[in-house]
Amino acid sequence: MGVLQCNLSPSGMRSRRGSLDVSQRRTRSTISSFSLGKVVTRMAYCICLILIRLQPAIASDWIDEDTPEIFRTTTSFIDGTTYHLVMSDEFNVPNRTFADGDDPMWTALDKPDDDMSSAGGGSLHFYNSSTVTTTADGMMKIASVFKKTEWDRFDHVNKSYKHETRHFQSGMVQGWNKFCFTGGIVEVDVIMPGDPFIGGLWPAVWLLGNLGRATYEASTNNIWPWSYDVCDRKLQEAQEISKCNAQNHYGLNPHQGRGATEVDIVEVMTGDSNGPLPATVPPITLPYGDMTLQVAPGIPSNRPNSGKQPKRNTTLSDTGHTMFAAETWYDGLELQGNTSVNPFFYGTYLGETKPEEPVTRTKEQAFQADAVGSLHQLTRSHFEKPHTFRVEWQPGKGGRLDWFVKTYFEVINGTLTSIERDGKGHKWVKAFTIKDKSLSDLIGSQIPNEPSSLIFNTAISSTWGFPYDVPAYCKKCYDCDDPKCACSFYPGFCNMIKSNKTAMYIDSVRVYQSRYGGNHVGNNHSVGCDVPEYPSRDYIKGNEYKYARAPPFSTSDHGRPLQKIKNGGAKCKADSDCGGNVPAASSDNETSTARKLTSAPFGRGRCIPVGQRPRGLANTNGAKNVCSCTPGYTGPHCLAIDHIDDFPSAMANRLSKSLLDDFAHLKPTRFMIGMFGSLLLGLLIFLVHHAMNMRKREINSSMIETTPLVKPQFIMNDNSNTIVTGRSV
């Protein structure tokens with residue numbers, strides 16, 4: 001089906017009517033022959049306009065048209081039932097951009113790790129959206145480069161401006177407040193960046209609850225990583241949205257504990273450990289993938305010591321004295337394949353803040369967060385070709401989290417060997433499992449139940465993969481052009497980052513959900529960032545400053561956390577600059593799992609002269625030609641699918657609520673229906689009768705006005721009276 005075009009126009013109809021001569025107008029003596037044609041013409045024109053307006057709205061959901069049919073469903077490895085695709089991005093269209101306002105599904109950041117102080121956990125990079133694009137071979141590329149960024153920020157403690165410099169640029173892509181989901185299966189095909197045996201990069205694929213926005217610390221303060229729906233007066237101050245609150249405001253549900261929970265699908269630590277890492281069982285070497293649930297509240301005391309496995313039993317001496325007391329940690333964790341409990345990070349204590357920190361926490365608001373995590377062995381192959389990481393998430397009470405990786409095979413001494421060494425020959429290896437019982441029995445927390453979005457990023461941080469100790473003579477600095485800083489990096493890091501070949505590649509991302517809650521444990525699955533059971537849009541709207549960039553980066557944001565998606569408008573020279581060479585989707589082979597886009601002879605967009613641009617399409621910096629998008633596609637260059645969030649929204653439901661909704665539900669009787677129908681029928685008859693009378697008057701008036709003038713004649717009758725005939729001026 002081609003793109004709908006309307007050749008009718010009100011002006012065109014007026015010109016045709018204006019060309020009728022007097023004799024033609026005289027012949028229109030009946031109401032039907034004149035008014036019916038006009039009504040039909042007007043109705044056709046209006047219907048045409050409505051259909052044009054509806055084309056983008058029915059264009060697409062969150063499923064990429066390029067996703068092959070064989071990947072429209074998957075089977076759960078836990079419950080064995082069929083899950084259906086609800087979101088995908090294959091990244092097959094090259095040269096896509098992801099800056100704020102460029103894409104309806106993703107946003108690439110342009111900011112440091114933390115606007116207010118640039119602390120960012122020792123971050124050495126600046127997130128720049130220009131480092132994120134899509135390649136000719138169909139992958140999202142997140143590059144990490146050696147490039148300086150400088151800016152001045154206001155130091156609110158010293159009341160002065162401070163000059164900031166970052167020597168590296170990298171990328172973070174978020175789905176925040178665009179595509180969110182609760183529960184289901186996530187699969188991500190990814191090639192990890194850099195050299196696996198050179199430390200310094202921090203690539204990650206993860207989920208974060210929509211109430212918090214990654215790197216916007218004001219939005220996550222006392223929100224991250226709470227997953228606690230219990231009223232505990234001792235923790236009420238530490239959890240901003242507590243179950244103890246009778247009124248949570250901003251459209252939030254009363255007596256419901258909320259937070260921004262974090263599920264790390266995989267975080268990668270690179271480097272050369274020169275053998276197995278201490279306290280890993282089974283032995284794990286660098287590089288490894290970290291699979292973690294970050295959750296609060298955490299265990300307050302008797303915690304495991306960093307660098308050691310949790311002590312499950314009390315050790316007694318020969319005389320019966322306690323030598324080592326058992327430590328408190330989560331029971332029932334399941335680890336398989338080359339996977340160990342992560343002994344190096346058991347969580348974070350978020351204590352009372354200092355004046356120079358970007359957020360404020362009082363002593364009463366301090367709390368412990370836990371990192372329930374594992375280390376999974378990676379190989380060089382994970383940095384050379386795509387590998388799939390999978391999480392099955394059954395949300396809420398009774399739910400569970402299961403991490404899977406695809407087995408990697410290589411030939412060793414002539415034998416095809418499974419590097420994961422699960423010993424079962426399975427294509428997939430189940431690496432790590434956390435069940436809700438492990439959380440609820442110990443501390444009362446639960447498997448996350450928050451609408452969450454996906455995040456892809458590569459950070460560069462002095463706290464991750466960098467040398468722990470440097471010689472006393474070493475100047476602790478991080479400029480690859482300064483020879484004095486060389487001892488602060490692992491050997492080879494600067495050469496690697498300067499090569500301009502260091503990047504993480506995402507081949508595809510797909511999200512599946514079950515249509516039947518009875519097929520799995522935990523709560524039902526849902527899509528949307530603002531579902532009625534877990535609303536967030538009103539809260540975000542009321543606290544937009546927490547989710548928006550701070551000066552000097554916010555000058556063009558107009559106070560909005562997300563900018564309106566550009567629909568065309570980019571400079572162009574040919575249709576190929578606007579996706580004209582990218583075939584639009586066909587309506588053939590339509591399935592129930594995805595709505596198909598309308599095909600068009602000029603692909604996703606056209607390059608048109610500025611003077612022909614549609615209304616609302618702004619000129620870009622004096623360009624002579626700009627991109628104009630085919631319905632169903634969007635973005636400045638028309639390369640993105642115009643995804644539409646048409647799932648239930650708590651805020652939309654509230655805004656559409658009528659005063660009549662507060663009255664009891666009215667059940668109409670037959671008499672009431674009959675009376676109402678009679679009134680409608682009477683009103684219709686009256687309107688038709690009135691319209692016919694008005695039309696008769698119009699026709700009579702037209703006939704009088706078009707009668708030719710006749711010279712007056714004076715006639716004398718028998719009674720000597722003068723009779724005047726004809727019309728006088």
Side-chain angles (χ1 to χ4, degrees), residues 114-117 119-121 156-157 208-263 293-303 328 330 345-372 396-397 436 439-452 533-548 550:
D114 174 60
D115 281 343
M116 305 294 289
S117 69
H156 65 281
V157 176
L208 186 67
N210 198 57
L211 285 175
R213 189 178 186 188
T215 78
Y216 294 77
E217 196 167 342
S219 73
T220 57
N221 187 35
N222 292 105
I223 293 287
W224 175 90
W226 285 90
S227 185
Y228 194 57
D229 195 26
V230 176
C231 179
D232 186 334
R233 295 295 182 183
K234 295 180 180 179
L235 296 172
Q236 184 177 2
E237 291 295 320
Q239 185 181 13
E240 181 171 322
I241 306 173
S242 169
K243 188 179 179 67
C244 300
N245 300 346
Q247 180 53 263
N248 275 318
H249 303 291
Y250 299 111
L252 299 177
N253 297 324
H255 296 296
Q256 184 181 46
R258 301 286 302 279
T261 47
E262 178 179 337
V263 177
L293 168 64
Q294 309 246 24
V295 63
I299 298 168
S301 59
N302 197 35
R303 299 173 57 80
T328 305
Y330 297 88
F345 182 58
Y346 289 110
T348 304
Y349 181 74
L350 292 95
E352 182 179 1
T353 55
K354 299 176 182 179
E356 63 270 18
E357 294 190 49
V359 296
T360 301
R361 273 188 308 274
T362 65
K363 185 177 181 180
E364 291 73 22
Q365 293 175 315
F367 66 96
Q368 176 69 51
D370 282 345
V372 189
K397 293 187 181 300
D436 184 64
L439 306 177
S440 59
D441 285 358
L442 182 59
I443 206 71
S445 55
Q446 64 180 5
I447 294 293
N449 206 32
E450 292 285 341
S452 302
E533 297 80 9
Y534 286 83
S536 66
R537 194 152 293 168
D538 266 328
Y539 178 87
I540 293 170
K541 185 70 176 176
N543 296 276
E544 282 190 331
Y545 72 95
K546 294 183 179 181
Y547 301 87

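Bear in mind that the values here come from a model prediction, so they are computed numbers and not experimental data.
A pairwise comparison of heavy atoms in Tyr534 and Pro451 identifies CB-CD, 3.6 Å as the closest pair. Nearest heavy atoms, Ala238 versus Trp226: O-NE1, 3.4 Å. The nearest pair of heavy atoms linking Leu211 to Ala260 is C-CB, 4.3 Å. When every heavy atom of Ala366 is checked against every heavy atom of Tyr349, the shortest pair comes out as CB-OH, 3.4 Å. Closest approach of Thr353 and Thr360 over heavy atoms only: OG1-CA, 3.3 Å.
Two residues are said to be in side-chain contact when any heavy atoms from C-beta on lie closer than 4.5 Å; Ser452 and Val263 fail this criterion. Looking at heavy atoms from C-beta onward, Pro448 lies in side-chain contact with Leu293 at the 4.5 angstrom threshold. Between Pro297 and Phe367, the closest side-chain pair of non-hydrogen atoms is not below 4.5 Å. Ile443 places a side-chain heavy atom less than 4.5 Å from the side chain of Pro300. Contact of the Cys244 side chain with the Glu237 side chain is not registered, since no non-hydrogen atoms from C-beta on lie closer than 4.5 Å. Counting only heavy atoms from C-beta outward, the side chains of Val359 and Thr220 never approach each other to under 4.5 Å.
One distance of note links CG of Asp538 with CG of Asn543; it measures 10.5 Å at 0.5 Å rounding. Rounded to the nearest 0.5 Å, atoms CZ (Arg258) and CD (Glu240) are 11.5 Å apart. Summarising the geometry, atom NE2 belonging to His255 is positioned 10.0 Å from atom OG belonging to Ser242; distances are rounded to the nearest 0.5 Å. Gln247 CD to Leu252 CG: the interatomic distance, rounded to the nearest 0.5 Å, is 8.5 Å. A distance of 8.5 Å separates OH in Tyr228 from SG in Cys231, rounded to the nearest 0.5 Å. One distance of note links OG1 of Thr328 with CG of Leu442; it measures 7.0 Å at 0.5 Å rounding.
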**OP:** Could you walk me through whether Asp229 and Lys243 pass salt bridge (charged side-chain N to carboxylate O under 4.0 Å, His left out), step by step?
**Re:** CA-CA 6 Å; Asp229 195 26; Lys243 188 179 179 67; 3.8 Å; yes
Subject >> Test log, rule side-chain hydrogen bond (donor to acceptor under 3.5 Å, both in side chains), inputs Asn245 and Gln236 >> reply: CA-CA 8 Å; Asn245 300 346; Gln236 184 177 2; 2.9 Å; yes
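Using a 3.5 Å distance cut-off with no hydrogens or angles, the side chains of Glu533 and Asn253 do not pair a donor with an acceptor. Under the 3.5 Å distance criterion, with hydrogens and angles disregarded, no donor-acceptor pair is assigned to the side chains of Arg361 and Asn222.
Arg213 places no side-chain N or O within donor-acceptor distance of the main-chain N or O of Lys546, the cut-off being under 3.5 Å. Within the 3.5 Å criterion, the main-chain N or O of Leu350 finds no donor-acceptor partner in the side chain of Gln368. Side-chain atoms of His156 do not come within 3.5 Å of backbone N or O of Pro358 as any donor-acceptor pair. Counting only distance, with no hydrogens or angles, the side chain of Asp370 and the backbone of Val295 share no donor-acceptor pair below 3.5 Å. When atom types are taken as modelled, the side chain of Ser440 and the backbone of Gln446 share no donor-acceptor pair closer than 3.5 angstrom.
Here the options are Asp441, Asn449, Ile447, the test is side-chain contact (heavy atoms from CB on, under 4.5 Å), and the partner is Asp436; only Ile447 passes.
Under the 30°/60° scheme for interplanar angles, the aromatic rings of Tyr250 and Tyr539 are found to stand perpendicular.
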